[in-house]
There are 2 protein chains.
Amino acid sequence: MSTEAHDRQFVVALARGLDILRCFRADEPLLGNQDIAKRTGLAKPTVSRLTYTLTQLGYLVHEARFGKYRLGAPVLSLGYAALAGLDVRQVARPFMEELALYSDVAVSLGSPDRTSMIYTESCRGRGALTIRLGVGSRVPLATSAMGRAYLAALSEAERTRLLDEVRRFHPENWERVAAGVEQAIKDYQTRGFVLSLGEWQSDIHAIGTTIRLPDSGQIMGLNCGGAAFVLPRERLEQDLGPRLVEIARRIEASLGA
Amino acid sequence: MSTEAHDRQFVVALARGLDILRCFRADEPLLGNQDIAKRTGLAKPTVSRLTYTLTQLGYLVHEARFGKYRLGAPVLSLGYAALAGLDVRQVARPFMEELALYSDVAVSLGSPDRTSMIYTESCRGRGALTIRLGVGSRVPLATSAMGRAYLAALSEAERTRLLDEVRRFHPENWERVAAGVEQAIKDYQTRGFVLSLGEWQSDIHAIGTTIRLPDSGQIMGLNCGGAAFVLPRERLEQDLGPRLVEIARRIEASLGA
DNA sequence: AAATGCATTTCGCTGTGCGAAACATAGAGG
DNA sequence: CCTCTATGTTTCGCACAGCGAAATGCATTT
C-alpha cells in the first residue's frame with residue numbers, strides 16, 4: 001500500500017481504517033463488516049476492531065435495523081473544511097457559471113484521487129435536465145471527459161503508471177477503453193480538450209480540459225457535460241470545446257495574478 | 001481516548017490519524033506539523049509519520065509554498081457518500097423549505113458530534129441576508145439553538161456527561177453559558193423549542209428543536225435562524241418557534257410512515 | 001433441532017508505532 | 001557572514017498494539 005516495499009514512516013493501521021471509509025459510496029451507503037472485509041481484503045477481526053474504533057469516533061454509525069454501518073456526520077465537517085482550503089474554487093466559479101449559463105448544462109472542477117477524479121466545484125445551467133453529480137462525486141479516469149483530460153495532461157511516465165492501475169477496472173473491454181484514452185490524448189494535444197460521448201454513461205456527453213495551479217503545478221480537471229441529446233458532437237467540438245479551453249486559460253490567468 | 005481504560009478493540013493509531021484530520025477547520029484550512037502537534041498533543045515524530053501517511057493516501061495535500069497541509073479531495077468523496085446515507089434529509093427537506101420560504105431565513109438539520117452539532121441539511125430563505133453555514137459546518141452545543149435543543153432532549157445523565165466536556169470550551173464565562181443552557185432546558189420542556197439570541201454569534205438569532213429518528217432513536221437538531229434584526233424575540237417566540245415544532249412533528253410522522 | 005451466516009472475542013505472536021535523541025534545513029537577527 | 005532559533009524529518013531501541021487463526025456468540029434459515 002505504501003510507495004516503498006517497507007516504509008517505516010507509513011502507518012498501516014491508519015491506512016487500513018481509511019480504506020474502510022473509502023468503501024462507502026453514494027450508490028451504496030450501507031455496508032456490513034462482511035462487505036467491508038471483502039472490499040478491503042482485511043481479516044474479519046481486523047475489520048471488526050477498525051469499524052468499532054470508527055464508530056466510537058463518530059465516523060461510522062451503526063444502523064442496528066440493518067446490521068450495517070453508514071458514514072457519520074464528522075466526514076461532512078471534514079468536507080466543509082476541505083472546500084474552505086480550495087481557493088481555486090472561488091476564482092473559478094464565475095467563469096464556470098458563465099459557461100454553465102451559456103450552455104445550459106453543468107460545468108465542474110475536479111481533483112485527481114487514485115483512479116478517479118473528485119468533483120470539487122459544480123455549476124449547473126438552468127436546463128430542465130442536468131447531471132446530478134455534486135461536489136464529492138467520483139468519475140473514472142479512463143472513460144469520463146474530466147478523467148481523460150487529466151490523463152492527457154500528465155507526463156508519459158506518470159500516465160503509464162496510472163493506466164496500469166486503471167486497467168484493472170476495465171477487465172473486459174480494456175482495448176476499447178485504451179483506444180478512447182489514446183484518442184483523447186491526441187485531441188488534447190491538437191485542440192486542447194477531450195470528448196466523452198456515452199463512454200462513461202451511455203446517455204451522457206461531455207468535454208474536458210485541465211487547469212494547472214500556479215504554485216504547486218497541480219493539475220485539476222474542468223468539464224462541461226450533460227444529457228447526450230442536448231450535446232451533439234458538433235456542438236461540443238465547434239462551440240463548447242473552444243469555450244471550455246478559453247475559460248480554463250482565463251481561470252489560470254486569474255490564479256496567476 | 002477510548003471509552004474504557006484500556007480497550008484492546010480500539011485502534012489508537014487510527015484514532016490519532018483522524019484526530020489530525022479534525023484539526024482542520026473551515027476558518028483555518030492550512031496547518032503545519034507544529035500546529036497539529038500543539039492541537040493534538042502528539043509528539044512531533046508521531047505527527048510527522050501520520051501526516052506523511054495521510055498525504056500518501058490523498059487525505060492531506062502539502063502546500064509547499066506555505067510549508068503547510070490542507071485537506072485533500074478524498075474527504076469530499078466521503079462527505080458525498082455520507083449525505084447519500086442520510087434518508088432523513090430527503091424526508092425533511094420539503095418541510096424545511098416550506099419554513100425557510102415562510103420565514104426568509106435559514107432552516108437547518110444537524111447531527112451531534114462530541115461537543116458540536118454538524119449541519120447535514122440546510123435550506124435558505126430568499127432573504128437578501130442569510131447565514132453562510134452550509135452542510136458540514138459545526139456549531140457549539142452550549143450556545144447555539146440547535147446545540148441547546150439537543151442538550152435539552154438528552155437524559156439528565158447524558159447531558160451532565162456532555163456538559164463536563166463542553167465546559168472546557170468556555171473557561172471564562174461558564175456560569176453565564178450554563179445559565180443559558182438551563183433556561184433552554186426549561187423552554188424546551190415548556191414549549192418545545194429553545195432560543196439563542198446573540199449568544200453564539202452576537203448578530204445571530206435562532207430557535208431550535210429536535211427530531212427523534214424512529215429506528216435508532218437517534219436525536220437530530222433542527223433550527224431556524226439568521227440575522228438578529230429580522231428575527232426579534234417576539235417573532236421567534238410567537239410565530240416561528242411554534243412553526244418549527246410543528247414541522248419537526250410532521251417530519252417525525254413522515255419518517256414513521 | 002441442526003445448519004448456516006455474520007459478527008465479535010480470545011490469545012499468542014511479531015513487527016508496528018512510539019517518542020527521545022539526533023540530524024537537517026530554512027529563516028531571522030546581529 | 002555567522003550564530004541562533006524554529007520547524008520538520010529520521011533514527012533507533014523498545015514495548016506493546018494490532019494482527020489473524022481459532023473459538024465463541026447470536027440470529028436466521030432450513
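The figures here come from the full heavy-atom set of this structure, side chains too, leaving out hydrogens, waters and symmetry mates. Chain identifiers are assigned alphabetically (A, B, ...) following the order of the sequence lines, protein sequences preceding nucleic acid strands; residue numbering begins at 1 within each chain.
Two residues are said to be in side-chain contact when any heavy atoms from C-beta on lie closer than 4.5 Å; B/Leu86 and A/Arg70 meet this criterion. Using a 4.5 Å cut-off on side-chain heavy atoms (C-beta onward), B/Arg93 and B/Cys123 make contact. For the pair A/Phe24 and A/Ile36, the minimum side-chain heavy-atom distance is below 4.5 Å. Put simply, the side chain of A/Met117 reaches to within 4.5 Å of the side chain of A/Leu141, judged on heavy atoms.
Pairing each heavy atom of B/Met96 with each of B/Leu109, the nearest pair is CE-N, 3.6 Å.
Per the geometry, CD belonging to B/Glu63 stands 15 Å off P belonging to D/dG8, to the nearest Å. If you measure from atom CZ of A/Arg39 to atom C1' of C/dC6, you get 16 Å, rounded to the nearest angstrom. Per the geometry, CG belonging to A/Asp7 stands 12 Å off C1' belonging to C/dT16, to the nearest Å. In this structure, the CZ atom of A/Phe10 is 16 Å from the P atom of D/dT9, given to the nearest Å. Atom CZ of A/Arg16 and atom C1' of C/dG15 are 12 Å apart (whole Å). For the pair B/Arg65 CZ and C/dG27 P, the computed distance is 15 Å after rounding to whole Å. Rounded to an integer number of Å, the gap from B/Leu50 CG to D/dA17 P is 16 Å.
Of the possible donor and acceptor atoms, one in the side chain of A/Asp35 sits under 3.5 Å from a partner among the backbone N and O of A/Gly32.
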Q) Along nucleotides 7-14 of chain C, 5' to 3', which nucleotides get a B, which get an S, and which get a -, given that the test is a protein heavy-atom distance under 4.0 Å? A) SSBB-B--
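Comparing B/Ala13 and A/Lys38 against DNA chain C, the residue whose closest nucleotide sits nearer the 5' end is A/Lys38.
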